[in-house]
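A short write-up of the structure that comes next.
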Amino acid sequence: VSQNLPTITIIGAGLGGAALAIYLGRRGFPVEVYDLRTDLRHGTFIGPSMNLGLSRRGLMALERLGLAEGALDRAIPMRGRVVHQQDGETSFQPYGGRPEHVINAIQRRDINIALVAAADALDNVRFRFGRRCLEVDKAARTAVFRDEQTGRSENVGYDVLIGADGVFSAVRAWMQRGERADYLQEFLDWGWKELRIPAGPGGSFPFERNAFHLWPRGHSLLFAHPNLDGSFTCSFVLPFEGEPGFSSLTTNDSVLRFFSREFPDLVSLIPDLTEQFCRNPVVNLVTTRTSMWHYGGSIALLGDAAHAVVPFYAQGMNAALEDCAVLDDCIERHPGDWQGAFSEYQSLRRRHTDALAELSKRNFLELSDRVRSPFLRARRFLDIGLSRLLDDRWTTLHSRVTNTCIPYADAVEMARRQDRLLAWTGGSLALLATYGLVWLLRRS
Ligand SMILES: Cc1cc2nc3c(=O)[nH]c(=O)nc-3n(C[C@H](O)[C@H](O)[C@H](O)COP(=O)(O)OP(=O)(O)OC[C@H]3O[C@@H](n4cnc5c(N)ncnc54)[C@H](O)[C@@H]3O)c2cc1C
């Protein structure tokens, strides 16, 4: 560790904060990471277990840390989605035209522990768990932390502060105080609840193991990721209000009636459905966008603190990990110039994370409803057929987002060009057919 390097203080030992601690620790910076939670490695965390989809760009960021292989050992590759209809019929939609086109289902806890352990193994990285950041004084470069056990507060100076403290970031709020910063926070009218389908006899999988499972119902949505022990972690998404809505599912009877009608295949597979439903909290789904990701060469935001998205493109963690790789490159290109590094980081990332926010909202409509449309299914198979024929020159937007590291906004633009080409080709073919028909009719 060089004597002249500034200390990097990271708030948040989640996926982004822990990964960045490794990136910067390896560059020789002294790194201090604060998190309000206790250390996940000691098994005291209580909360949703959450199973996340790790895709190409998240893996790329982990590869650079030498952690991708370990993550894949703890993951189950999902090759596509199985759509479950109300009558029990199922259909499979592959994620891409090639065998390596998969999304990896992994427990959030597992990947977070691996990142914290790798960071902690570096001599110059130190974790301080159970410390909540309450306040940041950006002029004085100090932050106040409360010890969650004793309730005592301490005032700590910093050289460079990274806010990796998630969607409701305290660092962001204090950094933007008194500044001309745009900030948009958009709640979905729908909430999210985790449910768990236990493994079958002898640890067998109740459904196809290597797939993402989806129960689209229009007015509700359920999807499930496989776990290594044979169980599935389900995300149940429903409006907060109305019928059906979380506000009307308040008794065991109403929950059972609703599930028996909408997801009859699941009722017998989750024997403690009503207990789980009552016990597990309903979580808000939020999109945030902000114009100001950094301040004065001394503070920067990362991951959900800078750009939270709703989870329907399974990209929040992937984008947070990608942020770390991009920020690390910017720091390398601007040695000692934090203002320059942070400006470049924001200009490289923000357009793309804004595009991801839109994609994630749009995919909610696709997963909850449009996935059932025969037109959409036909279009998907056409795209996959063309991608096999034309190699990587043609592929679906979903595949570009999940199977490549093409920046999000560029992937959207490529998809638009493909759509235009397809519409033009379709239109031209229709025109040609019409001319042909007229010509034939005139001759007869
Ligand atoms: C239901 C759901 C499903 C999802 N599915 C996927 C998926 O399939 N694929 C995917 O890529 N992403 C998914 N995501 C998104 C993903 O979980 C997040 O984008 C990712 O965790 C962001 O990482 P982060 O490090 O920015 O924030 P977090 O992982 O939230 O970490 C923030 C950390 O900061 C700490 N902290 C917060 N406030 C303070 C404070 N004041 N002081 C000190 N510490 C603080 C917290 O304790 C936490 O450890 C999903 C999210 C949800 C809600």
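Start at 1 and go down the list; that is how both ligands and their atoms are numbered. Keep in mind that this is a model prediction, so the values were computed, not measured.
For atom 42 (N) of ligand 1, the nearest non-hydrogen atom from the set C133, G16, A173 comes from C133. Nearest residue to atom 50 (C) of ligand 1 from S55, S235, S169, P311 is P311 (criterion: closest heavy atom). Checking L134, L36, I10 against atom 45 (C) of ligand 1, the nearest heavy atom belongs to L36. When D304, L285, T402 are checked for heavy-atom proximity to atom 18 (C) of ligand 1, D304 turns out nearest.
Closest protein heavy atom to atom 13 (C) of ligand 1: L52 CD2, 3.7 Å. Shortest contact from atom 31 (O) of ligand 1 to any protein heavy atom: G14 CA, 3.4 Å. Atom 11 (O) of ligand 1 has its closest protein heavy atom at M317 N, 2.8 Å.
The backbone of A164, and not its side chain, has at least one atom closer than 4.0 Å to an atom of ligand 1 (non-hydrogen atoms only; backbone = N, CA, C, O). Contacts between I11 and ligand 1, counted as non-hydrogen atom pairs separated by less than 4.0 Å, involve the side chain only. Using a 4.0 Å cut-off between heavy atoms, Q315 contacts ligand 1 through its backbone alone, with no side-chain atom that close. Contact annotation for R108 and ligand 1: only side-chain heavy atoms (C-beta onward) come within less than 4.0 Å of the ligand.
Considering backbone and side-chain atoms alike, A305 places every N or O at 3.5 Å or more from each N or O of ligand 1.
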For the pair R132 and D35, evaluate salt bridge (charged side-chain N to carboxylate O under 4.0 Å, His left out) and give the outcome as yes or no after the intermediate values. CA-CA 6 Å; R132 181 187 292 268; D35 200 294; over 6 Å; no
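Taking the six-membered ring wherever Trp is involved, the centroid distance between the rings of H294 and W338 does not fall below 6.0 Å.
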